[in-house]
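All remarks here apply to the structure that follows.
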Number of protein chains: 2
Amino acid sequence: MTTPIDPRDMAGRPCSLAAALQIIGDRWALPAIREVMLGNHRFRQIARNTGAPTDRLAARLKALVESGVLERRPLPDDARYSGYYLTAAGRDLGAITRELIGWGDRWVVTAPPARIRHRDHELVTHTVCETCGERVHGEDVHRDDLVPGWDQSGPVTNP
Amino acid sequence: MTTPIDPRDMAGRPCSLAAALQIIGDRWALPAIREVMLGNHRFRQIARNTGAPTDRLAARLKALVESGVLERRPLPDDARYSGYYLTAAGRDLGAITRELIGWGDRWVVTAPPARIRHRDHELVTHTVCETCGERVHGEDVHRDDLVPGWDQSGPVTNP
DNA sequence: CCGGCAGGGTTTGATTTCCAAACCACCCTG
DNA sequence: CAGGGTGGTTTGGAAATCAAACCCTGCCGG
């Protein structure tokens with residue numbers, strides 16, 4: 001895993017969103033992670049199922065391994081080769097990937113091309129705050145910037 | 001809002017993830033949406049706070065308006081100009097944006113540059129299935145592909 | 001009614017990234 | 001040792017991106 005990113009080095013607002021997008025904001029990163037989540041661990045499978053060109057995919061997979069999102073391990077069914085597997089950080093992306101699929105289903109596509117199932121029923125999610133146990137609504141969420149020189153509205157021009 | 005995307009037209013697996021990324025998978029889309037969520041509705045504010053070049057930002061904002069994620073409305077404080085506001089589809093991205101910030105905080109940055117607050121306490125989220133009310137774990141989630149010719153492992157080579 | 005300035009972008013020309021296709025090296029099988 | 005599967009790298013050209021400069025409009029002060 002490469003060294004962590006200091007969010008103050010980002011162009012624009014120091015925000016973990018920009019840092020996260022530096023790692024998974026690439027065009028092929030999330031499709032590749034989706035395939036690994038689905039159990040497709042081999043390079044050619046990921047290439048075929050995402051449609052990514054192999055050079056881009058090779059570069060992105062290498063970067064994802066270096067960032068600690070994926071790791072290479074020998075394949076259980078063929079020890080000659082190794083495949084790509086999720087790390088803890090990668091598994092932690094599962095919820096985001098599912099939410100993006102759900103958003104696409106709701107707002108983008110003509111008809112959902114897959115049914116996402118939770119055990120034996122359809123998965124429809126909402127988000128709950130662990131601290132208070134209540135469902136999260138956007139209007140209850142606020143941001144307190146911790147980096148001096150920035151607040152909600154932008155860089156603070158200090159005297 | 002442009003016409004919906006048919007997921008069967010995607011390169012690779014027909015999946016709403018790829019369709020969603022076509023709209024918000026651009027480098028500046030989510031940072032721009034974050035700024036609008038934070039209450040910064042003006043072009044220059046969004047440009048400064050994201051660090052995006054203005055030509056890219058102009059193109060992306062236009063695309064986001066066409067996709068129905070943002071809309072242009074007159075600014076309440078200066079009716080001469082109009083600003084960018086979230087539509088329902090845009091507000092529905094709030095949870096994803098927050099999750100990405102959380103993921104970046106946990107796995108990418110040296111130290112979180114902002115505190116995300118839910119009312120008066122720190123926001124720590126998990127996901128709950130609305131159908132059964134239980135917390136969602138990755139291993140309980142499955143995908144049933146509905147497009148003929150595809151399953152979990154890839155395109156089905158039919159006899 | 002002219003200069004200056006703020007807002008909201010376009011245009012420009014160099015740079016970077018991306019892509020598709022070809023290629024390479026390795027191993028196994030027949 | 002030919003052929004095929006695997007995991008990539010290389011190559012040349014097309015497309016997207018960038019920073020910086022520029023453009024247009026509508027005030028606002030003098």
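The sequence lines fix the lettering, A, B, ..., with proteins before strands; numbering per chain opens at 1.
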Looking at Y84(A), does any N or O in its side chain come under 4.0 Å of the phosphate oxygens OP1/OP2 on dG8(D)? yes
Can you see whether Y84(A) has R72(A) sitting over its ring - NZ or CZ less than 6.0 Å from the centre and within 45° of the normal? yes
Identify the two heavy atoms, one from L86(A) and one from R91(A), that lie closest to each other, and give their separation to 0.1 Å. O-NH1, 3.2 Å
Counting only side-chain heavy atoms from C-beta out, which of dT10(C), dA20(C), dT6(D) sits nearest to T54(B)? dT10(C)
To the side chain of R56(A), which of dC18(C), dA22(C), dC18(D) is closest? dC18(C)
Closer to the 5' end of DNA chain D via nearest nucleotide, is it D55(A) or G83(A)? G83(A)
Between R98(B) and E99(A), does at least one N-O distance fall below 4.0 Å, as a salt bridge requires? no
Residue R8(A) excluded, over 12 heavy atoms near CZ under 6.0 Å: no
Could you state the atom-to-atom distance from CG of D26(A) to P of dT17(D) in whole Å? 12 Å
In terms of side-chain heavy atoms of L75(B), which of dG8(C), dA20(C), dC18(C) is nearest? dG8(C)
Examine dG8(D): is either OP1 or OP2 under 4.0 Å from a nitrogen or oxygen in the side chain of R72(A)? Give yes or no. yes
Can you tell me the distance, in whole Å, between the CG atom of L61(A) and the C1' atom of dT9(D)? 14 Å
Please tell me if W28(A) has a side-chain N or O lying less than 4.0 Å from either OP1 or OP2 of dC19(C). yes
Please classify the nucleic acid contact of Y81(B) as base, sugar-phosphate, or nothing, using heavy-atom distances under 4.0 Å. sugar-phosphate
If the cut-off is 4.0 Å, is K62(B) near the phosphate of dG8(C), judged by side-chain N/O to OP1 or OP2? no
Grab the CG-P distance between L64(A) and dG8(D) for me, whole Å please. 13 Å
Output yes when at least one side-chain N/O atom of R80(B) is less than 4.0 Å from OP1 or OP2 of dG26(D), else no. no
Closest to the F43(A) side chain, choosing from dG8(D), dC18(D), dT11(D): dG8(D)
Atom CZ of R60(B) to atom P of dC18(D): distance rounded to whole Å? 11 Å
Does R27(B) put a side-chain nitrogen or oxygen below 4.0 Å from OP1 or OP2 of dA16(D)? no
Residues D26(B), R56(B): salt bridge by 4.0 Å N-O rule: no
Atom-to-atom span, CG of L57(B) to C1' of dG7(C) - whole angstrom: 14 Å
Counting just side-chain N and O atoms, does R44(A) come under 4.0 Å of either OP1 or OP2 of dT6(D)? no
